[in-house]
Amino acid sequence: MPADVTCDVLPETVLTVEQAQERILETIQAITETEQLELSQANGRLLAETIQAGFDVPPHRNSAMDGYAFAHESLASTATLQQIGISWAGRPYLGSVSLGECVRIMTGACLPEGTDTVEMQENTQQQADQITLHTRPQCGEHVRYPGDDFKQGEIILETGRKLTAADLGLIASLGIPAVKVIRKPRIAFLSTGDELQTLGTPLAWGQIYDSNRYTLRALLQNLPVELIDLGIIPDQPHAVEQAFIQAQQQADLLITSGGVSVGEADFVTRSLQKLGEINFWKMAMKPGKPLAQGRLGNCLFFGLPGNPVSVMATFLLFVRPAILKLAGINVVQPRLHPALTLTPLKKVPGRKDFQRGIYTETAEGYQVRSTGKQESHLLRSMSQANCFIVLERDSGDVGAGSQVNILLFESLS
């Protein structure tokens, strides 16, 4: 950042929200380091190896039904067969079955030698060891063959796949107990401010409880990350710098809240400039204009504003996509939906507004109403809201009955 750009003087050209989002993502490379995980711990992780079948699955002919197995050729001369044994799943019948004979067979059990067809028990009648078929099945009916699912040597899953429950079952069917996956991004986060107090302790005059770290923790827990909570850092240059150094050594990305505005005690941006590099600092957005983004060596940095609504808005719109790209997950811009506003909306041209709203879906489409006051310190408005009402940079006040665009919170989770 140029030396003459200070906290109280904006650059001539302030980034738009879209420009800031693009600039952030173009600087991020996905993590390539891997780790070995037991299969039970790998759900939702990105696969870092190719999975190849070491054998046919299923590995043997088996029955798809509870019933009777026999040679189809037997039905050329009779519809009644003599039962000579039972084949259980896991305990197959080991003898050979001749023409005119059959074995009782359970679902998943191996077909004995000499058999090629299964008839379900509902279509048979038993008298002692005599089994009469009421229907004439096709040859091979109700039989599963080796390699029906996949064959030995076949590529089952490719590198980069996000593992699902079905994928894990597939891998387990090959007897593979552990897989190589991309390690999770390590995300450090902290709050700055002498006014912040730890929960459970009494407040002195002028103090407030630190809510931002709890908000950030909950937002981060929705993502595939490892968390490093660095706590509350006082407004002291040395303390801020030491926290930055710790994060640079331990984390892939650091998130701070507070200390990026214009006050004399706002040391975050200054420390970032001293220890790392600033990508940008301000943008034409409300809430959340003072967003500092840059790097501390290999550690990405996001300095969020101190007001709680600004924290949530900037996290959802900028930090969340950055973490997804860092984790190797495709970043898709969430869709805006047209909606009819039921309440008038106040706006001053110059910044793109993300106002808190409550939408409902009707037969005619979306309707939305404001949560009320839109000051960025009113966290309750985020608790009540289920969407952002997105008002473009050059727009002014919007009257009730006008069409606006809304961004659903569910698309940001």
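Values below: every heavy atom of this structure, side chains too, minus hydrogens, waters and symmetry copies. Worth saying up front: this structure is predicted, and the values here are computed from it rather than measured.
- In the model, Q374 has a side-chain atom that pairs as donor or acceptor with a side-chain atom of T371 under 3.5 Å.
- Heavy atoms from other residues, nucleotides or ligands lying under 6.0 Å from NZ of K286 number 12 at most.
- With a 4.5 Å cut-off on side-chain heavy atoms, I232 and L190 do not count as touching.
- Between the side chain of N62 and the backbone N or O of H60 there is at least one donor-acceptor pair closer than 3.5 Å.
- Comment: R45 engages E35 in a salt bridge, judged by a side-chain N to carboxylate O separation of less than 4.0 angstrom.
- Checking side-chain atoms of Y93 against main-chain N and O of L111 turns up no donor-acceptor pair under 3.5 Å.
- Aromatic rings of F315 and F302 (six-membered ring for Trp) have centroids beyond the 6.0 Å cut-off, not under it.
- Q83 places no side-chain N or O within donor-acceptor distance of the main-chain N or O of L81, the cut-off being under 3.5 Å.
- With a 6.0 Å radius and a threshold of 12 heavy atoms from other residues, nucleotides or ligands, E113 has its CD atom at or below the threshold.
- Judged by distance alone, the side chain of Q273 and the main-chain N or O of V268 form no donor-acceptor pair under 3.5 Å.
- For CD of Q242, the number of neighbouring non-hydrogen atoms (other residues, nucleotides, ligands) closer than 6.0 Å is greater than 12.
- Looking only at distances, a side-chain donor or acceptor of D116 sits under 3.5 Å from a matching main-chain atom of H72.
- Other residues, nucleotides and ligands contribute more than 12 heavy atoms inside 6.0 Å of the CD atom of Q221.
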Starting from the C-alpha separation in whole Å, work towards a yes-or-no answer on side chain to side chain contact (heavy atoms under 4.5 Å, CB included) for D229 and R217. CA-CA 8 Å; D229 187 345; R217 176 180 286 274; 3.3 Å; yes
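- Shown here is E375, whose CD atom has more than 12 heavy atoms of other residues, nucleotides or ligands within 6.0 Å.
- At distances below 3.5 Å, not a single donor-acceptor pair connects side-chain atoms of Q248 with backbone N or O atoms of C299.
- R213 forms no cation-pi arrangement with F189, by the criterion of a distance under 6.0 Å to the ring centre and an angle within 45° of the ring axis.
- Defined by atom type and a distance below 3.5 Å, a donor-acceptor pair is present between the side-chain atoms of D210 and S191.
- Side chains of L317 and F354 form a contact here, defined as non-hydrogen atoms less than 4.5 Å apart.
- Donor-acceptor pairing under 3.5 Å is recorded for the side chains of N279 and Q293.
- Using a 4.0 Å cut-off between charged side-chain N and carboxylate O, D252 and R183 make a salt bridge.
- T124 and E119 share no side-chain donor-acceptor pair at under 3.5 Å.
- Using modelled atom types and a 3.5 Å distance limit, the side chains of R104 and Q121 yield a donor-acceptor pair.
- Evaluated for a side chain to side chain contact (heavy atoms under 4.5 Å, CB included) with L219, the options L316, I323, I255, V311 yield exactly one hit, L316.
- Of the possible donor and acceptor atoms, none in the side chain of R320 sits under 3.5 Å from a partner among the backbone N and O of T314.
- N212 places a side-chain N or O within donor-acceptor distance of the main-chain N or O of G306, the cut-off being under 3.5 Å.
- Summarising the local packing, NZ of K352 is surrounded by more than 12 heavy atoms from other residues, nucleotides or ligands at distances under 6.0 Å.
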Verdict with supporting geometry, K274 and E241, salt bridge (Lys or Arg N to Asp or Glu O under 4.0 Å): CA-CA 9 Å; K274 178 180 178 180; E241 290 177 15; 3.2 Å; yes
What do the steps show when you test R356 against Q384 for side-chain hydrogen bond (donor to acceptor under 3.5 Å, both in side chains), and what is the final call? CA-CA 8 Å; R356 279 76 74 200; Q384 295 171 328; over 6 Å; no
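- A side-chain N or O of Q197 and one of Q207 form a donor-acceptor pair less than 3.5 Å apart.
- In this structure, L163 and L157 have side chains that are in contact, with non-hydrogen atoms separated by less than 4.5 Å.
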Residues N222, S413; criterion side-chain hydrogen bond (donor to acceptor under 3.5 Å, both in side chains); working and verdict: CA-CA 7 Å; N222 293 327; S413 61; over 6 Å; no
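- In the displayed structure, E122 atom CD is contacted under 6.0 Å by more than 12 heavy atoms of other residues, nucleotides or ligands.
- Put simply, the side chain of D56 gets close to the backbone of Q152: a donor and an acceptor are under 3.5 Å apart.
- With hydrogens and angles ignored, the 3.5 Å screen pairs no side-chain donor or acceptor of S310 with any backbone N or O of P305.
- Few gaps surround CZ on R295; more than 12 heavy atoms of other groups in view lie less than 6.0 Å from it.
- Within the 4.5 Å cutoff, the side chain of I86 has no heavy atoms near those of the V103 side chain.
- Within the structure, side chain to side chain donor-acceptor pair (under 3.5 Å) contacts touching residues 386-400 (residues at least two apart or in different chains) do not occur.
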